[in-house]
Amino acid sequence: MTAVDVYIPGTSPLHRWDPRAKLMVGALYTASVLAIPVARSWVLFCFGALLVSAFGASRLPAGRVLMRLGPVAGLIGLAGLGMLFEGSPARFVSVSGKAALCAGCGVLMAATTQFGAMLAAMRSFRFPDILTAVSGLAHRHVFVALDEACRMMVAYRCRVPQASPLRRLRHTTRLALALCLRSAMRTERIERCLLVRGFDGVLRTLPLTAPTRADVVATAATAIVCGALLVVGYL
Amino acid sequence: MNAIELRGISFGYRGGPPILRDVSFSVAVGECAGLIGPNGAGKSTLILLMNGLLRGQGEVLALGQSVLGVAPRDLRKRVGVVFQDPDDQLFMPNVLEDVALGPLNLGSSPAEADHLARTALESAGILYAADRAPHRLSLGERKRVALAAILAMKPEVLVLDEPTAGLDPRGRHEFMELLQSFPATKIIASHDLDLVARVCGRVLVLDGGRLVAAGPVATILSDQPLLAAHGLAPPLSALPAAPAV
C-alpha cells in the first residue's frame, strides 16, 4: 500500500526542513505565483527555476515526480481549450504556468513531508482541530481500506477470471458494498480502541520541536526571493 | 489480591442469543492466565467486559473495584487491552504520535508522553520505527507498536486478544519472548496453545459462553479429551517428535 503514499522517504535538506516552515513557504510561494499579472508571465520562469532547484535539492526520483505532475497536463489542456472561446496566448501561458507551478509546489511538499508532520504543522498554525483530527484518521484508514479492497479484488479475480463488462460491473458494485459494510464494522472496532486509550473527544498529539537556525535562515531566504520576484512582477 | 475478578457474568447483544453465561473466575496480581476456546466461545466479548467497554449482568472487579464504579480514565490506567487487529488500533499518521496518544489522554504532559512513548517502543523492540507511518510497517511490527501503545499507558493488567495471530514463526517466537519479559498481570486470549503453554501459568477454557475448565497449564493442555471436546488441539510443543527419516 506504500505505492499510493505521496511521501517519498529521504534525508535531503528539504526532507529535514521544519514542516511549519515548509507549509509557510509553500503558501507564500503559491500566493506569489498566483499574484503575478498576465503581462509579466516571464517572471513565472524565475519561479519555475526556484522550484526546479528545490526539486534538485530534494533528491527525489525524477520519474516519480514527473508521473505525479501528469495530471497538470490535463489542467493545461483545459486552459488551452478555454483559449479557443475567450482569451489570448498570453493568458494561456499565465494560467498553465501558474497551474504547473502550484501543482509542482504541492507535489514537492507532499513528497518531502510526512503527513503526520504536515498535520502537526497545521495544528501549530491553529487550523481547526476537527479538520486535522479527521484528516489524520482518514489518511490512516484510507490505506487500510485500500489494502482490503485490493485483497477483495485479487480474491474476486481468482474466482471470476472472465466475465462480461456488465457482469463485472455488477460484481464490482457488490464488492464496493461489502467494503462499505466492512468499513462500518471496522469503525465500531476503532471506536473501542480509541476508548481503551482514554479518548474523550479530543485527539491529542505531541508538539513539534523548535525550528533550527538553518530552518529559520532557509525560510527567510525563500520568503525574500518570493517577495522579490513578486515585486519584479509588479514593477 | 485479585487483578481481575468476574462474578456471575452473563451477556448477550440485544436481540441475539446469550454469548456469556454465568462466567466466574479471578486472576491474581502478577499472574499470567490464558483464555482459550473455539471460535465464538465468547473470549473477545469477555475482554471487552473486563475493560468496561460492554456491560453485562454480574460484576467485573479490576484490582478490587467494580469497573462500573471507576472513572473511565482510571479504568484505562488499570486495564490495558491490545486488540487482535493492529490496523484497528493504530490510527495516527506516525508511530510515535500513536503511542503517545494514550499517555496524553491520561493527562501526561507532552514531554512526559514523549518519554513514555519512546520507552514503551524500546521495550517492545520497535523504537527504530518511531517516525514511520503505520502503513509502512509489517504485521509483526504493527503488532509490536499496538502493544507499545498500551504499555505506554502503564496498565496494571495487560489483556491481549490473539497476540500472535497472523505472525510468521520467527515473529511469533519473538512476540512470545517479548510477552514473557513483561512482569505485569497478563490475560491472553488465544488459539495459539504454544503461546499459552510457554507464557501462562494457568488456563481458563471457555466454550459456548461458559467457563468449562480452569487449572494449571500442564494439567489442562495435557488433557486431550477435554481439548478435543471443546474444539482445541494440544500444542505442537506437547506432541511427540517425528521419527528421524
Side-chain angles (χ1 to χ4, degrees), chain A residues 1-9 11 15-16 19 113-124 132-148 151 182-183 185-209, chain B residues 44 47-48 50-54 71-77 79-115 117-118 131-137 142 146 149-150 152-153 155 159 161:
Chain A
M1 274 309 98
T2 53
V4 290
D5 194 353
V6 289
Y7 175 69
I8 302 173
T11 54
H15 283 86
R16 295 197 306 269
T113 318
Q114 291 214 40
F115 191 72
M118 191 54 80
L119 282 182
M122 286 164 71
R123 273 192 296 268
S124 65
T132 51
V134 169
S135 308
L137 290 174
H139 175 263
R140 169 77 188 102
H141 287 284
V142 155
F143 290 98
V144 176
L146 272 174
D147 187 38
E148 218 156 68
R151 279 188 278 119
R182 283 192 196 189
S183 299
M185 283 156 72
R186 188 181 284 279
T187 308
E188 202 176 314
R189 297 204 299 271
I190 291 169
E191 188 206 356
R192 282 178 186 157
C193 291
L194 275 164
L195 290 174
V196 158
R197 290 167 68 192
F199 181 68
D200 56 3
V202 181
L203 206 61
R204 297 175 180 85
T205 51
L206 294 170
L208 286 167
T209 50
Chain B
S44 298
I47 285 176
L48 298 178
M50 284 181 207
N51 201 269
L53 291 171
L54 292 177
R73 188 188 267 200
D74 293 332
L75 184 59
R76 309 299 176 231
K77 272 185 197 168
V79 185
V81 180
V82 182
F83 289 90
Q84 182 176 349
D85 186 351
D87 283 332
D88 294 339
Q89 205 177 312
L90 308 179
F91 22 69
M92 298 300 277
N94 84 43
V95 166
L96 184 68
E97 282 209 20
D98 208 299
V99 178
L101 178 77
L104 285 170
N105 284 336
L106 295 184
S108 298
S109 67
E112 215 179 336
D114 184 274
H115 173 71
R118 285 180 193 278
D131 295 324
R132 285 202 216 158
H135 62 266
R136 287 184 177 269
L137 306 178
R142 291 203 300 274
I150 298 302
M153 296 166 72
V159 185
D161 192 3

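Just so it is clear: chains get the letters A, B, ... in the order the sequence lines come, proteins before strands, and each one is counted from 1.
The choice from B:Leu106, B:Asp98, B:Ile150 that makes the most heavy-atom pairs within less than 4.5 Å of chain A is B:Asp98. Of the listed residues (A:Leu194, A:Val196, A:Ile190, A:Leu137), the greatest number of heavy-atom pairs within a distance under 4.5 Å of chain B belongs to A:Val196.
Both the backbone and the side chain of B:Phe91 come within less than 4.5 Å of a heavy atom of chain A. With a threshold of 4.5 angstrom between heavy atoms, A:Leu119 approaches chain B through side-chain atoms but not through N, CA, C or O. Heavy atoms closer than 4.5 Å to chain A are found in both the backbone and the side chain of B:Leu90. With a 4.5 Å cut-off on non-hydrogen atoms, B:Leu54 touches chain A through its side chain but not through its backbone. For chain A, the nearby part of B:Met153 is the side chain; its heavy atoms alone come within less than 4.5 Å. Only the side chain of B:Asp85 has a heavy atom closer than 4.5 Å to any heavy atom of chain A.
For A:Phe199, the ring-ring contact (aromatic ring centres under 6.0 Å, His included) test picks out no residue, with sequence neighbours left out. For B:Ala117, the side chain to side chain contact (heavy atoms under 4.5 Å, CB included) partners two or more places apart in sequence, or in a different chain, are B:Leu96, B:Val99, B:Ala100.
When all heavy atoms of A:Arg123 and B:Glu97 are compared, the pair lying nearest together is NH2-OE1, 3.7 Å. Of all non-hydrogen atoms in B:Asn105 and A:Gly198, the two that sit nearest each other are CB-O, 3.3 Å. Closest approach of B:Pro110 to A:Leu206, counting heavy atoms only: O-CD2, 3.5 Å.
Distance CG/B:Asp88 to CD/A:Glu191: 12.0 Å, rounded to 0.5 Å.
The shortest side-chain heavy-atom distance between A:Leu195 and B:Asn51 does not fall under the 4.5 Å cut-off. For the pair A:Arg192 and B:Ile47, the minimum side-chain heavy-atom distance is 4.5 Å or more.
Between A:Arg189 and B:Asp87 no salt bridge is recorded (no basic side-chain N to carboxylate O distance below 4.0 Å).
Of the possible donor and acceptor atoms, one in the side chain of A:Arg197 sits under 3.5 Å from a partner among the backbone N and O of B:Gln89. Under a 3.5 Å cut-off, the side chain of A:Gln114 and the backbone N or O of B:Asn94 do not form any donor-acceptor pair.
Taking the six-membered ring for Trp and thresholds of 30 and 60 degrees, A:Phe143 and B:His135 have nearly parallel ring planes, at less than 30 degrees apart.
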